[in-house]
Amino acid sequence: MTEIQAQSLPVSLKGKDVLGAARTGSGKTLSFLVPVLEILYRRKWGAMDGLGALVISPTRELAIQIFEVVRSIGGFHTFSAGLVIGGKNLKDERDRLARMNILVATPGRLLQHMDQTVGFEADNLQVLVLDEADRILDMGFSRTLSALLSHLPKSRQTLLFSATQTDSVRDLARLSLKKPVHIGIQTREAGTTTGSNIAIPANLEQHYLSCTLDQKLSILWGFIKTHLQSKILVFLSSCKQVRFVFETFCKMHPGMPLLHLHGKLKQTARLAMYTKFTGAKHAVLFATDVAARGLDFPAVDWVVQVDAPEDAETYIHRVGRTARYESKGNALLFLMPSEEEGMLAALARKGIDVGKIKAKMSKVQSIENQLQNLAFQDPELKYLEQRVGTETAAQAFVSYLRSIHLHKDKSIFKLAELPAERFAESLGLPGAPKIKFLSKEVAKQKKNKSRAAEEAEAEVLEEKAAEAADSKDSDEDGGDLHESSDEEGAQDDEETDMKPAKSGALRTKYDRMFERKNQNVLSEHYAKLIDAGADAGDEEDFITLKRADHDLAGLELHDPAADVSKRKQRMGRAKRALMEGGMSSKLVFDDEGNAHQPYEMEDASAWMAEKGGLAGVKEAGQLFAEGEKGKMQVATVLDKQEAREKKREKKRKRKDRERGEADDIMSGTAVLASIPDDDGYVSPVFDLPSGGESDGETWTAPPPAKRSKASHADRQILFEDDEELALRLLRQR
Ligand SMILES: Nc1ncnc2c1ncn2[C@@H]1O[C@H](COP(=O)(O)OP(=O)(O)OP(=O)(O)O)[C@@H](O)[C@H]1O
């Protein structure tokens with residue numbers, strides 16, 4: 001028996017609530033499944049007693065895995081057990097739910113049944129298990145979980161298990177457990193910190209290597225080629241990254257089976273990958289964090305984190321896929337120079353010490369050219385076009401940067417410091433796609449830097465002036481000053497040196513990409529990237545070409561007017577007409593040829609007489625002033641309209657972008673935005689064909705709040721009012 005089992009079983013079998021934490025692979029599953037079966041057995045639970053135990057798991061794979069353990073250890077019991085994981089036919093599940101004694105479920109689908117399925121009652125529930133509770137919360141299920149808890153009887157026993165303890169888990173424990181016994185956790189009240197080194201398996205060897213972003217894929221390739229007799233799990237930060245690396249490495253034939261697992265795979269494919277990797281002796285599985293928690297792949301030799309984990313908890317879960325139970329394992333973390341200090345400090349705070357190793361660069365062979373060659377083999381179909389099942393380097397590029405942009409800990413993940421151009425080249429791209437958030441970040445950094453530099457310079461100048469006064473030690477400060485400016489100068493030189501060298505160097509296929517037969521493909525593709533038109537999807541909207549100055553044959557010039565909405569164009573025309581009408585276009589020239597307003601050239605007394613004396617002039621002045629006031633009002637109204645329009649457009653774009661980002665985050669984890677219901681998977685208990693019901697785990701954008709509809713209508717009315725007013729004022733003129 002493992003430690004957590006030995007400590008928790010006596011407590012849970014007595015019917016007490018348990019808050020359990022133990023390192024990954026230490027046997028937590030049995031720590032809660034044994035009491036589930038034992039308690040129901042002792043209470044003589046029968047077919048007619050309904051739901052007796054409920055196990056909630058964050059992901060479908062984990063739920064299936066737990067269900068398999070229930071089947072294998074519960075074979076001699078007569079309980080009926082079922083699996084409710086979404087992506088299946090709701091109606092078929094409904095028919096069988098009422099007869100289940102034990103259910104293993106993911107939260108969303110379960111709540112759907114609790115809300116909608118007649119006859120599905122949990123009033124009699126004896127034991128509730130929350131496995132990987134922190135992950136359930138991380139995935140945004142906290143509201144679902146609260147709703148679920150409200151459906152369950154208070155008299156139940158609750159067992160909550162996780163490999164890491166976070167504040168949100170403690171909050172959940174406060175909400176869902178009654179006087180829990182803490183197993184494997186020191187409480188804060190006892191004056192000690194929680195979640196320390198306990199989570200790391202003792203048999204795990206941990207290493208990290210420092211490398212630049214553009215070296216990552218070459219090092220990974222080298223690592224795989226030198227570990228062909230191993231079982232390797234590779235973590236990347238997004239589905240698109242996983243797909244891109246998987247697809248390109250497959251084409252490069254490393255000499256061992258390659259697999260991939262991420263949230264955008266169909267359920268059948270996910271399950272197939274999971275099963276294949278479980279059974280494989282030697283294989284590489286490229287995965288997102290969907291594979292980070294709970295999954296019990298046997299005999300994984302290496303966990304390689306090519307993209308750094310978001311935080312120390314994720315690190316613990318990822319490396320926990322190896323060195324499980326009593327087996328040994330190795331973990332390798334790639335850290336970029338900008339991440340090194342922050343990530344090592346974050347790990348150290350959890351008591352995790354990772355040793356530095358160096359990649360044998362002699363064995364690392366750059367795969368940049370191979371990636372570029374792949375781009376050339378069939379760029380139109382395989383590389384540049386976005387087709388289902390094919391990932392482009394540009395998408396991988398954008399999604400990686402986006403993941404860095406979204407990571408919370410900015411002391412570790414510094415977007416502006418990433419070598420975007422080099423990274424793009426390393427993926428085989430002909431230059432970095434321009435990404436709006438990246439440009440903004442860089443601009444922000446530059447601004448901060450230049451402000452800091454200005455301040456520093458001012459400080460130094462002040463000091464220098466003071467020092468010049470007493471002419472002491474000026475060399476030292478001056479030296480520093482020179483040193484830093486020299487450095488900058490050196491950098492500049494390097495940059496300017498590089499450019500001619502580059503253009504003068506032998507041209508590769510990559511360089512010729514812009515000049516030869518693929519020009520049309522490229523120009524079309526890049527024109528698409530530039531043209532973030534109304535029809536473009538999130539991704540296109542997101543990417544614009546930075547190097548738009550390439551002289552590409554066939555690249556039609558983009559008409560900026562096409563980007564302007566008809567309403568805006570109309571407004572612009574009206575404003576122009578107004579301005580033209582408002583400004584006197586008649587000028588009178590004097591003898592020297594200088595232009596003058598007509599009134600400047602008139603004889604003042606004659607003009608006064610013409611207007612009927614002083615009173616007439618005053619009246620004319622008033623009329624003129626009123627006319628100008630009217631014009632100003634019209635201009636103000638139009639300006640306001642334009643500003644409002646701009647604001648709305650900006651908001652719409654932001655929302656589109658956020659929706660795109662949310663999709664990617666969700667698909668980076670186990671929350672599936674795109675898994676269709678019909679995936680053909682047959683549940684061990686439920687025979688679940690496809691159905692149109694919404695998937696409990698499917699993330700959908702929340703419907704727009706009623707208030708926003710109303711405010712939109714209000715804004716519409718305001719807008720129409722403004723237009724009406726503008727027209728009226730124009731007519732008055
Ligand atoms: N008492 C035991 N004797 C032998 N093997 C065990 C025992 N308990 C668990 N195991 C095995 O150890 C492995 C890890 O167990 P389990 O998946 O429950 O770990 P875990 O603590 O839930 O890990 P994670 O935190 O990653 O979810 C499994 O393959 C399981 O079969």
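Order of listing sets the numbers, starting from 1, for every ligand and every atom in it.
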G320 to ligand 1, any heavy atom closer than 4.0 Å: no
Quick look: R293 vs ligand 1, heavy-atom contacts under 4.0 Å, and the answer is neither
One finds that the ligand 1 atoms under 4.0 Å from a non-hydrogen atom of M1 are 1 (N)
- Take R43 and D49 through the test salt bridge (charged side-chain N to carboxylate O under 4.0 Å, His left out) and record every step on the way to the result. CA-CA 10 Å; R43 293 180 193 171; D49 293 317; over 6 Å; no
Those residues at least two apart in sequence (or on a different chain) that pass side chain to side chain contact (heavy atoms under 4.5 Å, CB included) with H282 are Q229, M256
Atom 10 (N) of ligand 1: closest protein heavy atom, distance to 0.1 Å, is Y325 CD1, 4.1 Å
Ligand 1 atoms nearer than 4.0 angstrom to some heavy atom of E132 are 24 (P), 25 (O), 27 (O)
The atoms of ligand 1 lying under 4.0 Å from a heavy atom of T29, numbered in the order shown, are 16 (P), 17 (O), 18 (O), 22 (O)
Rounded to the nearest 0.5 angstrom, the CD1-CD distance for I357 and E205 is 10.0 Å
Taking only non-hydrogen atoms of L30 and a 4.0 Å limit, the atoms of ligand 1 in range are 8 (N)
If you compare Q5, R23, E3 by their heavy atoms, the one closest to atom 1 (N) of ligand 1 turns out to be Q5
protein heavy-atom neighbour closest to atom 21 (O) of ligand 1 works out as K28 NZ, 2.9 Å
Note: ligand 1 atoms sitting under 4.0 Å from heavy atoms of R324 are 14 (C), 16 (P), 17 (O), 19 (O), 20 (P), 23 (O), 24 (P), 26 (O)
Note to self: Check for me whether H317 has a heavy atom closer than 4.0 Å to any atom of ligand 1.
What the structure shows: no
N/O donor-acceptor pair under 3.5 Å between H77 side chain and F79 backbone: no
Pair F297 + Y274: ring centers closer than 6.0 Å:
yes
Is there a polar contact, in the sense of an N or O pair closer than 3.5 Å, between D296 and ligand 1?
yes
Here the gap from E340 atom CD to L333 atom CG, rounded to the nearest 0.5 Å, amounts to 9.5 Å
Side-chain contact, heavy-atom cut-off 4.5 Å: M336 with K216? yes
Rounding to 0.5 Å, atoms CG (L111) and CG (L145) come to a distance of 9.5 Å
Discussion item. Are any of the N/O atoms on A22, whether in the backbone or the side chain, positioned under 3.5 angstrom from an N/O atom of ligand 1?
Written reply: no
Tested for side-chain contact (heavy atoms from CB on, under 4.5 Å) against N330, the lone hit among H207, H227, Q206 is H207
Would you kindly say whether S31 and Q5 are connected by a side-chain donor-acceptor distance under 3.5 Å? no
Contact region, T24 to ligand 1, non-hydrogen atoms below 4.0 Å, reads both
Review point. Taking the non-hydrogen atoms of S26, is any one of them nearer than 4.0 angstrom to ligand 1?
Key: yes
Among non-hydrogen protein atoms, atom 23 (O) of ligand 1 lies closest to G25 N, 2.8 Å
